[in-house]
Amino acid sequence: MTAQHASARPARRLGTDRFLFGGDYNPEQWPEEVWAQDVALMRRAGVNAATVGVFSWALLEPSEGTYDFGWLDRVLATLHEGGIGVVLATPTASPPPWFTRAHPDAMPVDADGRSLVHGSRDTYAVSAPAYRDACRAIAGELAARYGDHPALIAWHVHNEYGTLDHGEHAAAAFRRWLRRRYGTLEELNRRWYTAFWSQGYSSWEDVLPPRRTQYLANPTHALDFKRFSSDEMLDALREQRDVIRATGSPAPVTTNFMLPSWNHLEQWGWSAELDLVSVDHYLDTTGPDGETHAAYGGDLTRSWAGGGPWLLMEQSSTSSSLPGRRAHKEPDRVVRNSLSYVARGSQGALFFQWRAPLAGSEAWHGGIVPHAGAESRSFRGFEQLGRVLESIAEVAGAPADGPLVLADVAVVWHAEGWWATDTHQLPSDDLDYSATVRAAHRALWQEGFAVDFVAPDADLSRYRLVLVPSMFALGDAAVERLRAHVSGGGHLAVWPFTGYADEHLHVVPGGYPGRLRDLLGVRVEELHPLGAGEQVVLEYGDGELTGTVWSEVVDLDGAEVVARYRGGELDGAPAVTRCATGRGVAHYASTFLVEDSLRRWLRGLCAQAGVSPVVEGCPPLVEVVRRRGARADYLFVLNHSAAAVRVTGPGHDLTTGSEADAGLDVAARGWAVLRIRDGAAPWRVAPAG
Ligand code: GAL
């Protein structure tokens with residue numbers, strides 16, 4: 001695992017102090033006469049940034065080694081004349097058809113052994129030397145030509161790294177990676193537990209990427225392949241980054257992470273290699289949960305960025321054609337979601353995409369300019385967003401030191417937890433890393449707490465309360481950090497099926513959760529996973545809690561009981577515990593609490609740990625985030641509810657010019673961004689009227 005590198009971010013900064021507003025711009029899909037109209041419309045909406053060239057490889061290099069930059073020269077000149085900055089992409093996510101013909105060996109192979117070809121995007125074998133050479137070449141050409149272009153704001157390397165390859169190039173690179181990791185085949189055999197099912201390797205040549213096999217695959221093999229793939233893609237990113245830096249271009253280098261329902265990157269380590277962390281975030285649902293999802297994306301990315309600032313590189317504009325993410329966004333939601341990311345440290349709100357295309361696979365993915373054109377309700381909504389972002393421009397400055405958002409609670413997040421849970425040969429089919437972590441964050445959001453995410457092996461001393469909702473496998477460094485956190489006086493809360501194994505997925509014997517048993521003061525002999533839809537009831541104070549997915553037989557070994565199972569096979573047995581160690585407390589829940597129960601439990605833990613909400617007593621669906629700035633702190637009040645609220649406190653609303661001292665009404669589905677005059681004075685948010 002890689003520690004969080006809060007201070008490792010290099011000095012290259014965005015070439016602007018303004019919030020960026022705009023998005024992916026694909027002028028190559030339109031006749032040149034449209035470009036001038038685009039710039040006029042961008043100016044009308046207050047757009048100041050266009051991400052260009054993401055999928056332009058076939059135009060930039062129509063045949064191997066032959067470049068055509070004329071059109072891109074004209075695009076950049078047109079944008080620059082219009083005062084629009086450029087985030088310039090390297091086009092390496094989509095090699096052109098000639099590349100397949102020239103380098104058939106550089107095509108990716110899936111786990112079934114099928115070789116893929118061009119015709120979509122992301123079709124390359126990342127370990128293939130020909131692909132890597134071609135990437136360095138095109139990145140170098142672009143950097144040499146545009147590295148000091150006055151419109152350039154940032155370099156956008158590739159697009160959403162994440163294509164896994166199981167072919168021969170991957171096999172060779174995987175073996176090199178494994179030799180570095182394990183040194184000898186004996187060690188690999190031990191760590192992969194190959195004594196099981198006669199899997200022992202006697203030659204490195206026999207080690208393959210995980211490919212389709214007869215029955216269940218080796219889980220440690222699968223996990224290591226994920227680790228390797230992330231490292232391999234990171235090497236590819238570094239190569240492009242270094243080629244760009246070598247030209248002397250002063251612009252920061254980023255690559256856009258994807259915050260998805262799948263995950264192939266270890267983002268803590270990647271973030272430390274970037275000048276600027278950026279993310280693409282597509283809401284996975286409509287309704288209020290969409291707001292919690294936006295907050296999740298913002299908090300997670302700010303944390304990867306060591307406390308920020310970071311950049312929201314893509315969000316859907318009005319509608320998306322992504323399966324499962326087809327939610328339509330009303331104009332007011334576009335503003336509130338954008339402010340939610342900005343409040344959490346984004347240096348702007350960029351969208352996919354500027355103009356909705358008339359054809360192609362994403363013809364039904366909305367744009368800032370929709371198919372209906374700029375004379376439309378949605379475009380007027382974007383004009384409004386432009387005005388809002390302009391009005392809060394002063395928020396963009398960063399404080400002299402420390403993070404942009406101060407949080408006392410942190411949730412442990414690590415891609416390896418996700419990958420380990422995805423090995424799927426686990427005691428329950430319903431263990432879901434992403435959903436579990438998201439549920440923890442959602443409950444904290446609903447209770448109004450500011451939240452950070454942390455790597456398990458990060459320094460936790462800044463936090464009063466650390467949650468570990470799902471880390472089935474824990475390495476030594478992580479265990480030490482958690483232990484130090486508690487002995488230093490912190491509170492720790494652990495969900496079930498956490499710390500049951502080491503980082504090689506070997507179960508720690510002697511009772512679960514082996515790695516954390518002494519810290520939590522519990523010992524579990526037997527697991528009782530629940531069936532689909534089954535729930536357990538827990539006696540908790542004078543009320544009850546409800547759990548799902550999991551239960552287990554907890555023996556106390558230093559901990560005290562906070563809640564007991566009621567009814568069923570575990571009737572009367574400990575279900576939720578707390579264990580005081582040194583000056584801190586380690587809490588354990590032996591079942592996955594459902595939403596309301598989780599909120600109650602966490603509310604209690606926050607109170608014990610001395611953690612307060614950003615503003616006490618906010619009405620439901622009113623989100624308040626405090627962002628620190630260069631000259632002041634700012635309170636973002638996002639009213640997602642259907643009723644107006646009144647905000648009272650010492651501040652000035654930048655979006656309307658009104659004062660909040662005597663109370664400021666924020667309309668249903670509205671917002672306010674208040675410059676705080678007195679940092680210590682209390683704020684109140686209550687129903688209006
Ligand atoms: C993103 C991708 C964009 C576009 C968008 C909408 O993940 O970076 O290029 O495809 O999704 O589907």
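One-based numbering, in listed order, for ligands and for the atoms of each. All values derive from a computational prediction rather than experimental measurement.
- Between Phe21 and Phe382, the angle of the ring planes stays under 30°, which puts this pair in the parallel group of the 30/60° scheme.
- When the heavy-atom distances from atom 5 (C) of ligand 1 to Tyr282, Phe351, Trp364 are ranked, the shortest goes to Tyr282.
- Ring geometry for His80 against His149 counts as perpendicular: the plane angle is over 60°, on a 0 to 90° scale with 30° as the lower cut.
- His158 and Tyr161 have parallel rings, their planes meeting at less than 30° on a 0 to 90° scale where 60° marks the start of perpendicular.
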Side chain to side chain donor-acceptor pair (under 3.5 Å) between Glu330 and Thr318, worked out: CA-CA 7 Å; Glu330 288 292 300; Thr318 49; over 6 Å; no
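- Of all protein heavy atoms, the one lying nearest to atom 7 (O) of ligand 1 is Glu160 OE2, 2.6 Å.
- Any N or O atom pair closer than 3.5 Å counts here, and Glu314 shares at least one such pair with ligand 1.
- When non-hydrogen atoms are compared, ligand 1 lies under 4.0 Å from neither the backbone nor the side chain of Val54.
- Protein heavy atom nearest atom 12 (O) of ligand 1, with residue, atom name and distance: Glu362 OE2, 2.8 Å.
- Using a 4.0 Å cut-off between heavy atoms, Arg121 contacts ligand 1 through its side chain alone, with no backbone atom that close.
- Counting heavy atoms closer than 4.0 Å to ligand 1, residue Gln353 contributes nothing at all.
- Remark: Asp38 does not engage Arg43 in a salt bridge, criterion side-chain N to carboxylate O under 4.0 Å.
- Aromatic ring orientation, His365 versus Phe352: perpendicular (interplanar angle above 60°, classes split at 30° and 60°).
- Short contacts between ligand 1 and His365, defined as distances under 4.0 Å to a heavy atom of the residue, involve ligand atoms 6 (C), 12 (O).
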